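Please read these numbers as outputs of a predicted model, since none were measured by experiment. Numbers here simply count residues along the sequence, with the first being 1.
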Amino acid sequence: MPHPQLPAVRAPQVHTCGDRRRLEFQPGMIQSEMLLSRPDHLLLRYARAMMCFTLFVPRPRHILMVGLGGGSLLKFCHRHLPEARITVLELRADVIALREQFMLPPDDARLRIIETDAVSYIRQHPGCADVLLLDGYDETGLPPALGSARFYADCLRALL
């Protein structure tokens with residue numbers, strides 16, 4: 001039974017309509033969306049905007065991502081940045097369990113999806129990446145732990 005003062009965590013919902021599949025934590029709040037016919041295409045504007053990092057780091061060696069969602073950023077980076085290693089930190093096992101539904105590539109020498117708390121992981125891994133993508137939203141928005149000054153200081157230390 002959940003703690004009475006803590007909000008219940010909603011299970012992620014997957015909806016498919018024609019060629020589109022989306023992930024939602026609350027009805028109508030799209031966390032991720034993909035085209036089944038083009039699974040590594042960035043459909044949502046904010047995901048395309050996040051890729052602007054390539055203007056500054058066109059050939060990243062190691063991309064660290066906070067939040068998996070439907071894996072749009074992961075799939076895009078995996079396809080279009082073949083030299084980069086990619087590590088994804090995801091807190092929720094139920095989101096990782098949707099991996100096949102969102103056509104994510106399997107873990108290998110280039111890709112790892114880790115079920116972990118990003119705050120702790122990033123604090124314990126200084127100098128681990130040259131790109132850090134923060135996309136760790138839940139059903140209420142950005143969790144407070146991912147918006148703290150200490151977390152952002154740890155993020156800075158995590159960058160090479």
Side-chain angles (χ1 to χ4, degrees), residues 1-51 53 62-81 84-125 128-129 131-148 150-152 154-155 158:
M1 175 173 235
H3 189 279
Q5 294 178 336
L6 298 176
V9 175
R10 292 178 185 252
Q13 302 293 309
V14 177
H15 302 283
T16 304
C17 183
D19 191 36
R20 292 179 182 248
R21 179 167 292 157
R22 67 182 185 274
L23 173 68
E24 298 178 354
F25 290 132
Q26 289 197 32
M29 288 186 65
I30 298 171
Q31 294 289 321
S32 186
E33 187 170 19
M34 67 178 266
L35 295 173
L36 295 170
S37 61
R38 295 178 60 201
D40 57 359
H41 173 71
L42 292 177
L43 196 56
L44 299 178
R45 269 186 263 147
Y46 94 91
R48 291 192 301 270
M50 287 187 70
M51 292 308 301
F53 78 81
H62 185 202
I63 301 168
L64 182 62
M65 297 181 182
V66 175
L68 176 62
S72 297
L73 292 170
L74 178 155
K75 290 180 288 190
F76 186 88
C77 289
H78 193 264
R79 177 173 181 185
H80 295 285
L81 300 169
R85 284 185 309 116
I86 303 165
T87 302
V88 182
L89 311 177
E90 175 54 57
L91 185 61
R92 295 179 57 167
D94 57 353
V95 171
I96 296 171
L98 301 173
R99 185 177 193 151
E100 289 184 20
Q101 291 188 58
F102 284 92
M103 302 178 191
L104 303 185
D107 281 12
D108 58 19
R110 283 189 54 221
L111 171 63
R112 283 184 30 202
I113 297 174
I114 304 171
E115 181 186 345
T116 190
D117 173 42
V119 173
S120 299
Y121 184 97
I122 289 173
R123 185 171 299 137
Q124 296 168 11
H125 293 86
C128 68
V131 171
L132 177 55
L133 296 175
L134 298 177
D135 194 21
Y137 293 90
D138 62 19
E139 60 271 6
T140 62
L142 183 69
L146 298 184
S148 72
R150 179 166 183 185
F151 176 69
Y152 284 106
D154 290 338
C155 288

(message) Just by distance, no angles: are the side chains of Arg21 and Thr16 close enough, under 3.5 Å, to form a donor-acceptor pair?
(response) yes
Distance (rounded to the nearest 0.5 Å) between [X] [atom1] and [Y] [atom2]:
X	Y	atom1	atom2	value
Tyr152	Leu134	OH	CG	5.5 Å
Leu64	Leu133	CG	CG	8.5 Å
Arg45	Arg48	CZ	CZ	7.0 Å
Met50	Asp135	CE	CG	4.5 Å
His62	Leu132	NE2	CG	10.0 Å
Leu111	Leu104	CG	CG	8.0 Å

Could you check if a side-chain atom of [X] sits within less than 4.5 angstrom of a side-chain atom of [Y], using non-hydrogen atoms only?
X	Y	result
Arg22	Arg20	no
Tyr121	Thr87	yes
Leu68	Arg92	no

(request) For the pair Phe76 and His80, name the ring-plane relationship: parallel under 30°, tilted 30 to 60°, perpendicular over 60°. (result) tilted
(request) Give the C-alpha distance, both sets of side-chain angles, the deciding distance and a yes or no for side chain to side chain contact (heavy atoms under 4.5 Å, CB included) between Ile86 and His78. (result) CA-CA 7 Å; Ile86 303 165; His78 193 264; 4.0 Å; yes
Looking only at heavy atoms, what is the nearest atom pair of [X] and [Y], with distance?
X	Y	value
Leu146	Gly136	CD1-O, 3.2 Å
Gly70	Leu23	N-CD2, 3.7 Å
Ser37	Asp19	OG-OD2, 2.7 Å
Pro12	Asp94	CD-OD2, 2.9 Å
Arg110	Cys77	NH2-O, 4.0 Å

Between [X] and [Y], is there a donor-acceptor pair closer than 3.5 Å when you use the side chain of the first and the backbone of the second?
X	Y	answer
Glu90	Ile96	no
Lys75	Met103	no
Arg99	Pro105	yes
Asp154	Ile122	no

(request) Could you check Met34 against Leu36 for side chain to side chain contact (heavy atoms under 4.5 Å, CB included), going step by step and ending with a plain yes or no? (result) CA-CA 6 Å; Met34 67 178 266; Leu36 295 170; 3.9 Å; yes
(message) Using the rule given for side chain to side chain contact (heavy atoms under 4.5 Å, CB included), can you reason through Leu81 versus Met51, listing the C-alpha separation, both sets of side-chain angles and the distance that settles it, and then say yes or no?
(response) CA-CA 11 Å; Leu81 300 169; Met51 292 308 301; 4.3 Å; yes
(message) Salt bridge check, Arg123 against Asp117: does any charged N sit closer than 4.0 Å to a carboxylate O?
(response) no
(message) Could you walk me through whether Phe25 and Val95 satisfy the side chain to side chain contact (heavy atoms under 4.5 Å, CB included) test, starting with their C-alpha distance in whole Å, then the side-chain angles of each, then the deciding distance to 0.1 Å, before giving a yes or no?
(response) CA-CA 10 Å; Phe25 290 132; Val95 171; 3.8 Å; yes
